[in-house]
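Just so it is clear, the model here is predicted, and its values are computed rather than measured. Labels below follow one simple rule: chain letters A, B, ... track the order of the sequence lines, proteins then strands, and each chain is numbered from 1.
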There are 2 protein chains.
Amino acid sequence: MSKCESCIVREFNSLKSLSREELMRVSACKTGKIFKKGQVIFEEGETLNGVYCVKSGVCKLTKLSENGKDQVVKLVVKGGLLGKRSLVTEQKTNLSAVALNDMEMCFIPKSEIMDDLNKNPKFTMDVLKTMAEDLKESDQSLVSMAQKSVKRRMAEILMYIHDNFGTDDDGYLSIVISREDYASIVGTATESAIRILSQFKKEGIISTKGKQIKIEDYVALKWME
Amino acid sequence: MSKCESCIVREFNSLKSLSREELMRVSACKTGKIFKKGQVIFEEGETLNGVYCVKSGVCKLTKLSENGKDQVVKLVVKGGLLGKRSLVTEQKTNLSAVALNDMEMCFIPKSEIMDDLNKNPKFTMDVLKTMAEDLKESDQSLVSMAQKSVKRRMAEILMYIHDNFGTDDDGYLSIVISREDYASIVGTATESAIRILSQFKKEGIISTKGKQIKIEDYVALKWME
DNA sequence: ACTAAAAGATGACAAATATCATATTTTAAT
DNA sequence: ATTAAAATATGATATTTGTCATCTTTTAGT
């Protein structure tokens, strides 16, 4: 297993603010974990005793609603840190994490990283900034949910995935998820999600190959009422 | 104007983590501000050059949606700190703040408090914890918006206000806001908000006196489908 | 106290979305 | 390669919510 000091993923998250010495200490105690597609990384209400650093793959953070449906709150890819909030507040996690495809992760025990959080102000500030950014995003999503149509939200998530996670060589969105997941992200019934994607396809705004989606007309998504 | 060191409000927010010396320094440079009901404290996109500490009154934090409607993201009362996120990220504010009734606030310039944020780990950790809590709440709201009916959300906001901000001696919710604001909180049309509150009234779940609302049957709200 | 303006209330109708049923296609396991 | 299970697709219909119009009540300013 590679060392944190030389791990490129770290550049994408708060761990970049740790000193060389701190990183070596973290590296020494971290453990590598592999999760298969569909596997649960942790579940709402669990006590986490560390954080996960995503090396490859994608996972969804979800929260169970009282109606029994899961709502996707955030998608996390390479560089993401899972369990930050629980680490900071020392509460049980309020979200579940499920792998959307095969994932490689590093697990860093709480005991080790907690010290850094308390003693390295640069690290703390960086975690704080990330959290502030998460909050901004969450508020933004809240407004979308409250004020925009399902169609508009679907257009936005397609653009979001396109802009943040990119496409493969053929132009297909590099994150491939089920219609059910799309429904769970935009907060609608699976049938409605399917219907809207079908409609986009008919209108030539997207095209599909199996579960893969390619955006054919980004501008149409952008200007969709 | 009273001094921060002896201000009771501070106990409710992160300022409690400042040392006596730091507090005195903050106290020396803070300015008192009064806002009248309806007055804008700051607007989305503004550069804030400090944070506001709420001494009395209530304000709403809102975000403008593309459809032209404001969405209330959070209600802030005594002890709340406005502008935390902007302080941390050094970005323009992503929310607007509007007084819902007459408010007394203290304004603390960024220059002064920024130092503490960088140098007092206890303070930084406290701000971080508050932010983590805000994030949890925001995610929670997101799920409500996405998965629950307008009626259910209305029931929840009534309970939320009851539980978090309390009632006056006659049992009326101590926060008094317009139906339009209720609509903007639950993310619906004003008419729908009015209709639902009327329905609650008919069913004896709430009673009203002018704009004041009293919860008559908390359990009914709790179990509302 | 009077009056204009704002807020609240309600009906009628339109639009968006959910639900249920069922058919088809794709995926994954043997 | 075959087949069962899962995912996708689509129609019919019900439910929820939004919009527009109009009326009544409350609030705030002179």
Would you mind listing every salt bridge (Lys or Arg N to Asp or Glu O under 4.0 Å) that reaches into residues 145-163 of chain B, with sequence neighbours excluded? A:Glu66-B:Lys148, A:Glu66-B:Arg152, B:Lys148-B:Glu156, B:Lys151-B:Glu225, B:Arg152-B:Glu156
Here the distance between atom C1' of D:dT8 and atom CG of A:Leu197, to the nearest Å, is 10 Å
Can you see if the side chain of A:Thr188 gets near the phosphate of C:dA18 - specifically, an N or O under 4.0 Å from OP1 or OP2? yes
Ignoring backbone atoms, establish whether B:Lys201 has a side-chain N or O less than 4.0 Å from OP1 or OP2 of C:dT10. no
A:Lys202 side-chain N/O to D:dA9 phosphate OP1/OP2 under 4.0 Å: no
Which whole-number value in Å describes the distance from B:Glu225 CD to D:dT15 C1'? 12 Å
Can you list the steps and then say if B:Leu173 with B:Ile175 is a side-chain contact (heavy atoms from CB on, under 4.5 Å)? CA-CA 5 Å; B:Leu173 297 180; B:Ile175 291 191; 5.6 Å; no
Where do B:Leu82 and B:Ala97 come nearest, in terms of heavy atoms and distance? CD1-CB, 4.3 Å
If each of A:Lys211 and A:Lys148 is mapped to the nucleotide of DNA chain C with the nearest heavy atom, which maps nearer the 5' terminus, i.e. the 5' end? A:Lys148
Of the candidates C:dT17, D:dC20, C:dA9, the side chain of A:Ser192 sits closest to C:dT17
Taking OP1 and OP2 of C:dT17, is either one under 4.0 Å from a side-chain nitrogen or oxygen of A:Lys151? no
Indicate yes or no: does B:Asp134 engage B:Lys74 in a salt bridge with an N to O separation below 4.0 Å. yes
Euclidean distance, atom CD1 of residue A:Ile196 to atom C1' of C:dA18 [Å, nearest integer]: 12 Å
Atom-pair distance (CD on A:Gln199; P on D:dG11), nearest Å: 12 Å
A:Arg179 vs D:dA9: side-chain N/O to OP1/OP2 distance below 4.0 Å: yes
Test: B:Lys214 and B:Asp170 ion pair at under 4.0 Å: no
Closest nucleotide among C:dT19, C:dT17, D:dA9 to the A:Val150 side chain: C:dT17
Short N-O contact, B:Asp181 and B:Lys60, less than 4.0 angstrom: yes
Counting only side-chain heavy atoms from C-beta out, which of C:dT19, C:dG8, C:dT17 sits nearest to A:Arg153? C:dT17
How would you label the contact of A:Lys209 with the nucleic acid (heavy atoms, under 4.0 Å): base, sugar-phosphate, or nothing? nothing
Judged by nearest nucleotide, the residue sitting upstream toward the 5' end of DNA chain D, A:Glu180 or B:Glu191, is A:Glu180
Which part of the nucleic acid, if any, lies within reach of B:Ser149 when heavy atoms closer than 4.0 Å are counted: base, sugar-phosphate only, or nothing? sugar-phosphate
List the steps and the verdict of salt bridge (Lys or Arg N to Asp or Glu O under 4.0 Å) for B:Glu44 and B:Lys63. CA-CA 7 Å; B:Glu44 203 178 330; B:Lys63 183 157 180 61; 2.9 Å; yes
What is the distance, rounded to the nearest whole Å, between atom CZ of A:Arg195 and atom C1' of C:dA15? 15 Å
Whole angstrom value for the distance that separates P of C:dA18 from CE of A:Met154: 11 Å
Picking from C:dG8, C:dA18, C:dA12, the nucleotide nearest the side-chain atoms of A:Ala189 would be C:dA18
Starting from C1' on D:dT8, measure out to CZ on A:Phe200 and report it in whole angstrom. 17 Å
Options C:dT17, D:dG18, C:dT10, nucleotide nearest the side-chain atoms of B:Ser198: C:dT10
A:Ile177 CD1 to D:dA7 C1', in whole Å, measures 14 Å
So if I take the C1' atoms of five pairs at each end of the helix from C:dA1-D:dT30 to C:dT30-D:dA1 and get each local axis, what angle do the two axes make, rounded to 10 degrees? 60°
5′-ward residue of the pair A:Ile194/B:Gly187 relative to DNA chain D: A:Ile194
Can any side-chain N or O of B:Gln71 pair as donor or acceptor with the backbone N or O of B:Ser184 at less than 3.5 Å? yes
